[in-house]
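Presented below is the structure to which this report refers.
It should be emphasised that the depicted structure is a prediction, and the values quoted were computed from it without experimental measurement. Every heavy atom of this structure was used, including side-chain atoms; hydrogens, water molecules and symmetry mates were not. Residue indices begin at 1 and follow the sequence shown.
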Amino acid sequence: MGIRLRYLAHDLEVPLGEFFIGRSADCQLSLDDPLVSRKHALLTVGEGGVAIEDLGSRNGVLINGTRITGRQLLSDGDKIAIGGQEMFLLGAIEPSSTHSPRSAPLWTRQQNARTVDMSELSSGEDDGATAIASRRSLPGLIPQHPDKRVHALSLIGSVADKALALGRVDEAERILQRSLADILTKAREGGVGAVQPELVEKASTYATRLAAATGRGAWINYIFELNTRLELLLPAYLVDELYSVLRKVKAVDMSILRGYAKRLRERAGERTPAERFILQRIEGLERLGALK
């Protein structure tokens, strides 16, 4: 079973496996804090307990006020400080020295883990996180989500949703902004196929919620630019939601919306009847936006 991290008064579910914390959008928990390194810390959740590791960060990891070195076991209720951010570990199993080899905690089995060669690691880290021997093949773990970015955005989005529910619109926008911006940058640089459709749909969904909550047309622009660059058709439920949201927002860039509709029309003959119906609905959005 997994554990929970209490952060910003919200509980994040952390499943079995590896859970990266840092400033990078590649991390499962991305923290917008200049004191946090791109890949700052690694939580390892096993059936026997939880451990945390400082990945060579500049400012370190503090557990209950004490800076750690290397890997440290965690207990239920421990306070974790990373940069200027604090979080609490909930639901951890207390470490035991009586486990059989089969059920031994993950950190006692590192001799069986494969450390990835440095050539396999992504380059360009700005914090010298050479301790990312974290792409390990760890026995007995549930596999990670097939797209780690989708999983990461879902985690961050769940926190943002709770902030929106509490009326903390600025906080929700701050939580999501970096991850959404990174996805658009990837689409701009890589074009069609650069971002998985599932991730694009999630990003578009959160951008729609932010547009509704903030009234900012920039989030509508985001949705149509992202899907134009990746040549993806918005799902029907999002198009329906945009009819309501578009009436609330200001300063929508109609050239982006028109460009998206035009790109879809160019391939209308290849689409199914259901997809052509969605295209007609998007053309209706184009007319609605022109009336604003």
Side-chain angles (χ1 to χ4, degrees), residues 25 145-147 149-165 169 172-173 175-188 190-268 270-292:
H145 193 286
D147 186 339
R149 285 176 174 264
V150 176
H151 180 59
L153 186 56
S154 295
L155 285 170
I156 295 168
S158 68
V159 178
D161 282 338
K162 291 178 182 178
L164 287 173
V169 176
E173 190 171 35
I175 290 168
L176 285 165
Q177 195 158 18
R178 179 184 292 274
S179 293
L180 295 183
D182 285 347
I183 292 168
L184 182 56
T185 297
K186 194 172 185 67
R188 286 170 174 169
V192 177
V195 185
Q196 287 197 4
E198 184 182 357
L199 182 58
V200 176
E201 182 176 339
K202 281 193 175 292
S204 299
T205 298
Y206 288 124
T208 301
R209 292 174 189 171
L210 289 176
T214 65
R216 293 183 58 213
W219 289 114
I220 299 294
N221 300 339
Y222 173 95
I223 295 165
F224 289 118
E225 181 184 352
L226 179 64
N227 285 273
T228 299
R229 290 184 179 276
L230 297 167
E231 297 186 4
L232 294 173
L233 182 68
L234 282 165
Y237 76 89
L238 265 183
V239 175
D240 290 343
E241 193 170 345
L242 284 169
Y243 267 88
S244 173
V245 175
L246 194 58
R247 293 184 173 93
K248 302 176 183 178
V249 302
K250 302 176 181 178
V252 174
D253 188 338
M254 287 303 299
S255 66
I256 299 177
L257 202 167
R258 291 191 188 101
Y260 178 60
K262 180 181 178 182
R263 183 68 64 87
L264 293 178
R265 281 193 292 268
E266 289 171 354
R267 301 181 58 184
E270 305 172 14
R271 302 198 179 276
T272 66
E275 290 173 336
R276 286 197 292 272
F277 177 74
I278 295 174
L279 173 55
Q280 291 173 358
R281 295 282 288 160
I282 291 170
E283 291 173 332
L285 282 175
E286 186 181 4
R287 293 189 293 270
L288 178 61
L291 296 175
K292 292 181 65 65

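For the residue pair G289 and L246, the shortest heavy atom distance occurs at N-CD2, 3.8 Å. Closest approach of P197 and L232 over heavy atoms only: CA-CD1, 4.1 Å. The shortest non-hydrogen separation linking A290 to R258 is CB-NH2, 4.4 Å. Looking at every heavy atom in both residues, A194 comes nearest to L230 through N-CD2, 4.0 Å. The two residues L226 and A203 make their nearest non-hydrogen contact at CD2-CB, 4.1 Å. Scanning all heavy atoms of the two residues, the minimum distance from L238 to S204 falls at CD1-CB, 3.7 Å.
The shortest distance between side-chain heavy atoms of L176 and W219 does not fall below 4.5 Å. At least one side-chain heavy atom of Y222 sits less than 4.5 Å from a side-chain heavy atom of I183. When side chains are defined from C-beta on, L285 counts as touching F224, because their heavy atoms get closer than 4.5 Å.
In this structure, CD in E173 is found 11.0 Å from CD1 in I175, a value given to the nearest 0.5 Å. Taking CE from M254 and CG from N221, the interatomic distance works out to 10.0 Å, rounded to the nearest 0.5 Å. Rounding to the nearest 0.5 Å gives a distance of 12.5 Å between NZ of K202 and CD of Q196. For the atom pair CZ of R271 and CG of L233, the computed distance is 5.0 Å after rounding to the nearest 0.5 Å. Atoms CG and CG, from L180 and L199 in turn, are 9.0 Å apart once rounded to the nearest 0.5 Å. Taking OG1 of T205 as the start and OH of Y237 as the end, the distance is 3.0 Å to the nearest 0.5 Å.
For Y206, the ring-ring contact (aromatic ring centres under 6.0 Å, His included) test picks out no residue, with sequence neighbours left out.
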Quiz item: Yes or no on side chain to side chain contact (heavy atoms under 4.5 Å, CB included) for R265 and L279, after CA distance, side-chain angles and deciding distance?
Solution: CA-CA 8 Å; R265 281 193 292 268; L279 173 55; 4.2 Å; yes
Quiz item: Going through the checks in order, is the side chain to side chain contact (heavy atoms under 4.5 Å, CB included) test met by E275 and E270?
Solution: CA-CA 9 Å; E275 290 173 336; E270 305 172 14; over 6 Å; no
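Pairs of residues two or more places apart, or lying in two chains, that qualify as salt bridge (Lys or Arg N to Asp or Glu O under 4.0 Å) and include a residue from residues 220-241 are R188-E225, E225-R229, E231-R263, E231-R267, D240-R281.
Counting heavy-atom neighbours within 6.0 Å of Y243 OH, excluding the residue itself, gives a total above 12.
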